[in-house]
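Each remark here refers to the structure printed beneath this line.
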Amino acid sequence: MDEQTPEQTLCPACHVVVRPGDYFCFNCGKNLHPAPPSMAISTLLGFFFGSLVLPPMGIIWGFRYMGSNDVKAKIFGFSLIFLTIADLTVKSYNMINDQIQQQLPNIQGL
Ligand SMILES: [Zn+2]
């Protein structure tokens with residue numbers, strides 16, 4: 001059993017041993033620790049409204065935040081995904097409702 005010691009980190013791309021603090025693999029240049037997502041209020045608000053305007057993006061941004069080690073970023077990421085799904089659910093419900101409203105006169109007019 002050659003279990004990794006906690007100090008050893010392997011590059012996910014070329015599997016060379018890198019130092020845990022390294023941001024890039026010295027061998028292949030892979031980004032080992034993507035920069036933590038910004039927690040500035042303006043950025044968070046931008047993502048918040050962005051996920052309402054561009055629904056699928058909220059899920060992508062949300063997962064990026066959830067991948068962070070910061071608990072607040074994780075919570076924000078979860079909120080973005082939840083918001084996006086809730087928003088999509090409401091929109092599709094409204095769309096179905098509109099369809100029913102449009103079809104209703106036809107059905108009643110029989
Ligand atoms: Zn590498």
Side-chain angles (χ1 to χ4, degrees):
M1 297 295 270
D2 57 332
E3 262 184 63
Q4 275 181 270
T5 59
E7 303 87 62
Q8 278 193 331
T9 311
L10 291 181
C11 169
C14 67
H15 306 289
V16 89
V17 177
V18 293
R19 287 170 300 172
D22 286 353
Y23 274 82
F24 295 96
C25 172
F26 65 88
N27 187 44
C28 70
K30 171 134 180 103
N31 189 350
L32 302 169
H33 300 276
S38 169
M39 288 300 284
I41 283 294
S42 56
T43 311
L44 298 188
L45 281 177
F47 279 130
F48 187 81
F49 287 111
S51 58
L52 289 176
V53 180
L54 307 161
M57 291 306 291
I59 292 174
I60 297 165
W61 297 330
F63 274 112
R64 191 188 296 168
Y65 272 89
M66 288 198 35
S68 165
N69 292 324
D70 183 25
V71 175
K72 276 189 227 160
K74 274 184 203 292
I75 294 169
F76 177 70
F78 179 78
S79 315
L80 264 191
I81 294 169
F82 182 80
L83 176 82
T84 304
I85 292 171
D87 184 54
L88 284 177
T89 307
V90 169
K91 275 179 184 153
S92 46
Y93 173 81
N94 286 342
M95 209 173 71
I96 293 166
N97 217 20
D98 284 351
Q99 288 285 318
I100 294 171
Q101 292 298 323
Q102 282 171 18
Q103 296 299 318
L104 213 54
N106 297 338
I107 298 164
Q108 286 170 338
L110 280 177

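Just so you know, ligand 1 is whichever comes first in the structure, and atom 1 is the first atom listed for that ligand. These values consider heavy atoms only, across backbone and side chains, with no hydrogens, waters or symmetry-generated copies.
- The two residues Ser51 and Thr84 come nearest to each other via the heavy atoms CB-OG1, 3.6 Å.
- Of all the heavy atoms in Leu80 and Phe47, the pair that sits closest is CD2-O, 3.6 Å.
- The distance from the Zn ion (ligand 1) to the nearest N/O/S atom of His15 is not under 2.8 Å.
- The side-chain contact (heavy atoms from CB on, under 4.5 Å) search around Lys91 returns Pro55, Asp87, not counting sequence neighbours.
- Centred on the Zn ion (ligand 1), the SG atom of Cys28 and the SG atom of Cys25 lie at an angle of 110°, reported to 10°.
- Rounded to 10 degrees, the SG-metal-SG angle spanning Cys11 and Cys14 at the Zn ion (ligand 1) equals 110°.
- In this structure, Phe76 and Tyr65 have perpendicular ring planes: the angle between them is above 60°, well past the 30° mark.
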